[in-house]
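Chain naming here is simple, since letters A, B, ... match the order of the sequence lines and numbering starts at 1 in each. All values derive from a computational prediction rather than experimental measurement. Quick note: numbers below take in every heavy atom, side chains included, and nothing from hydrogens, waters or symmetry partners.
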Amino acid sequence: MIALVDCNNFYVSCERVFNPRLEGKPVGVLSNNDGCVVARSAEIELLGVAMGMPAHQIDPHIRRQCTLLSSNYALYGDMSRRVTDVLSQHTPHVDVYSIDESFLSFEGFEPESLEERCQVMRKQVRRDTGIPVSVGLSTSKTLAKIANHRAKKEESFAGVAIMHPNSDDTRVFLKRLPVTEIWGVAGRIAARLQTLGIETAWQLREAEPKRLRQHFSVVMERIIYELRGVDCIHLDDMTQPKQQIMVSRSFGRLTNNKTDLYEAIRAHVSRAGEKLRKQQGLARAIMVFVRTNRFRSDLPSYNKSLIVPLQHPTDDSRELARAARAGMERIFKENIWYRKCGVMLMDLCDHDHEQLRLLAEPLSDEKRARNERLMAILDKLNREHGKNTVRLGIPRKENAWELRCEHRTPRYTSRWDELALAKT
DNA sequence: TGGGCGTCT
DNA sequence: AGACGCC
């Protein structure tokens, strides 16, 4: 059996752990730059605030009743780790799928006692971390996801729902379930399925896999088998090193200032370099891009990217920054109001399998070792003393590109100076 | 009116 | 490169 453990309204729940006054209130958490609503409490959902809704589109009358918080990823990331730590005590097979979801394998466990085990696990997560979670159990990940939705929606499950792939109950449920509720099926695909007369999960499950593969892809074929209870989506690639590393941000406000762009790119490159070194990779090229705000039809639009090849594969932030800067220099255009920029590290290879180039002048071993030590120390300082303890250059004050986050709560669990206080 | 991936075509 | 999907 497979369990999908999903935290309820995760970001909101994290905030509530440290501010219990938010309990029972309509609370939402916003994406970067206070852009869209990415987490909602049950109460704010009832007020009609939709997932993904731009904050500025919320009716002012509704907005006044809500608490809208900026996202606090330092806090959510740490809480997420605590939750997965507890889950790991219950089975050796935990696949962390996202910040608030894990797939657990209970292969070899006694099926009869699984629901009860999961209840115990769920209560322990709540007790040890303060985060409420729901558990869906079935024989495939897609059905476990559906079971999880039921566990969340139907009170009677008490947070743990099991769906046997061939039970009457499952058939009845799938016959009422629109295809859009299935993992991997969203609007566009649902519309195409409708033209084939497929609107419910049951109809899809009963469809001919080979035929649907012709209309769609192998992904759709897998979904059909998954709905039948056959586990065929494998997540082992989650731990595989990334093939590209992308870092980009929208600016807090529009800017036409070249220095803003350079500073932003430098910060993004640093972050990308950290990620690259963490997976022990090297990049052979770096892509730089800039773009204007596509929602501002009153301003000229300009989207441009450029790939800069690197002389030799590298993970040195300074080299990456030099290349990115050169790229930026070539695509920057004056008198344009920029909204966003970013970098992508491409053509990655493993640190240990670096291919030596014939023509490029190789770095001396001594120089290479020195650069490596420098980057390792940089990463260590930032890991242990907080982000940006040491960085490439220092951004000017009041720059346009730093994020808007007007309602961020303290980083209660990861900063000494922001610890939660217990009143005496 | 987000950011960062992935797969398939 | 673009479409589509996920969270």
Side-chain angles (χ1 to χ4, degrees), chain A residues 4-12 28-40 49-58 63 68 70-73 76-77 80 95-103 141-142 145 148-149 179-193 212-223 232-254 264 267-268 271-272 274-276 279 287 289 291-297 303 305 307 339-346 348 401 403-405 408:
Chain A
L4 172 63
V5 181
D6 192 309
C7 302
N8 302 348
N9 319 323
F10 183 53
Y11 299 170
V12 171
V29 175
L30 303 175
S31 62
N32 269 338
N33 263 319
D34 295 344
C36 307
V37 178
V38 292
R40 303 171 301 162
V49 175
M51 192 65 162
M53 195 184 231
H56 73 94
Q57 275 177 18
I58 302 172
R63 196 174 171 153
L68 291 179
S70 305
S71 39
N72 184 346
Y73 286 105
Y76 311 149
S80 174
D95 273 324
V96 179
Y97 177 65
S98 74
I99 195 162
D100 72 334
E101 271 178 274
S102 291
F103 285 103
K141 297 188 184 65
T142 301
K145 273 246 181 196
N148 189 282
H149 284 293
V179 287
T180 47
E181 300 297 305
I182 303 167
W183 191 29
V185 180
R188 311 285 179 97
I189 300 222
R192 284 165 59 198
L193 281 169
L212 263 81
R213 182 179 177 155
Q214 316 268 292
H215 283 274
F216 297 89
S217 70
V218 63
V219 176
M220 182 61 76
E221 189 182 11
R222 280 193 207 122
I223 290 173
C232 46
I233 298 176
H234 301 291
L235 298 174
D236 42 0
D237 24 311
M238 304 279 310
T239 49
Q240 294 297 307
K242 304 274 182 264
Q243 296 178 17
Q244 299 150 9
I245 291 171
M246 165 98 137
V247 177
S248 70
R249 291 286 181 282
S250 296
F251 303 141
R253 52 183 155 88
L254 299 184
H268 298 341
R271 181 76 193 101
E274 261 177 41
K275 291 189 191 180
L276 179 65
Q279 71 170 37
M287 187 265 271
F289 75 89
R291 71 166 54 148
T292 48
N293 186 346
R294 60 175 199 256
F295 297 103
R296 290 290 298 267
S297 44
N303 303 318
S305 69
I307 297 173
R339 164 69 179 169
K340 182 174 180 174
C341 73
V343 299
M344 187 155 90
L345 304 183
M346 311 170 61
L348 305 187
W401 56 273
L403 291 181
R404 260 196 321 246
C405 55
R408 206 197 60 214

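Backbone-only engagement by A:I189 is indicated by non-hydrogen atom pairs under 4.0 Å involving sugar-phosphate atoms exclusively. Across all strands shown, A:L30 has no heavy atoms under 4.0 Å from either base or sugar-phosphate atoms.
By the 30° and 60° cut-offs, the orientation of the rings of A:Y97 relative to A:W183 is perpendicular.
Comparing A:F216 and A:Q57 against DNA chain B, the residue whose closest nucleotide sits nearer the 5' end is A:Q57. Residue order along DNA chain B, read from the 5' end via each residue's closest nucleotide, puts A:C36 first among A:C36 and A:I245.
Counting heavy atoms of neighbouring residues, nucleotides and ligands inside a 6.0 Å radius, atom CD of A:Q243 does not exceed 12 of them.
The side chain of A:S217 has B:dT9 as its nearest neighbour among C:dC7, B:dT1, B:dT9. For A:V219, the side-chain atoms get nearest to B:dC8 when compared with the rest of B:dC8, B:dC5, C:dC7. Closest contact between the side chain of A:H56 and the listed nucleotides B:dT1, B:dG2, B:dC5 involves B:dT1. Among the nucleotides C:dC6, B:dC8, C:dC4, the one closest to the side chain of A:R188 is C:dC4. Residue A:S248 places its side chain closer to B:dG4 than to any other of B:dG4, B:dG2, B:dT9. Comparing C:dC7, B:dT1, B:dG4 by their closest approach to the side chain of A:R339 singles out B:dT1. Between C:dC7, B:dG3, B:dG2, one nucleotide has an atom nearer to the side chain of A:E101 than all others, and that is C:dC7.
Atom-to-atom, CG of A:N33 to C1' of B:dG4 comes out at 15 Å; the value is rounded to the nearest Å. Distance A:I223 CD1 to B:dC8 P: 12 Å, rounded to the nearest Å. Between the CD atom of A:Q279 and the C1' atom of B:dC5 there is a distance of 12 Å, given to the nearest Å. What separates CE of A:M344 from C1' of B:dG3 is a distance of 14 Å, to the nearest Å. Protein atom CE of A:M346 is 15 Å distant from nucleotide atom C1' of B:dG4, rounded to whole Å. For A:I99 and B:dG3, the CD1 to P distance is 16 Å, given to the nearest whole Å. When rounded to the nearest whole Å, the span between CH2 of A:W183 and C1' of B:dT7 equals 13 Å. Put simply, NZ on A:K242 is 9 Å from C1' on B:dG4, counting in whole angstrom units.
Of the side-chain N and O atoms in A:S250, one or more sit less than 4.0 angstrom from OP1 or OP2 of B:dG3. For B:dC8, neither phosphate oxygen OP1 nor OP2 lies less than 4.0 angstrom from any side-chain nitrogen or oxygen of A:R213. Of the side-chain N and O atoms in A:K275, one or more sit less than 4.0 angstrom from OP1 or OP2 of B:dC5. Applying the 4.0 Å criterion to OP1 and OP2 of B:dG4, one finds that A:R249 has a side-chain N or O inside that range. The phosphate of B:dG2 has neither OP1 nor OP2 within less than 4.0 Å of any side-chain N or O from A:S71.
Between A:I223 atom CD1 and A:L193 atom CG the span is 8.5 Å, to the nearest 0.5 Å. Within the model, atoms NE2 of A:H268 and CZ of A:R249 stand 6.5 Å from one another, a figure rounded to the nearest 0.5 Å. Here OG of A:S217 is found 7.0 Å from CD1 of A:I189. Values are rounded to the nearest 0.5 Å.
Aromatic stacking of A:Y97 on C:dC7: not satisfied for centres closer than 5.5 Å together with planes under 30 degrees.
Taking atom P on both nucleotides, B:dT1 is separated from C:dC7 by 24 Å, rounded to a whole Å.
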| message | Go through it in stages, so that I can follow the logic: the residues are A:L254 and A:R296, the test is side-chain contact (heavy atoms from CB on, under 4.5 Å), and I'd like the CA-CA distance, side-chain angles, deciding distance and then a yes or no. | response | CA-CA 11 Å; A:L254 299 184; A:R296 290 290 298 267; 3.9 Å; yes
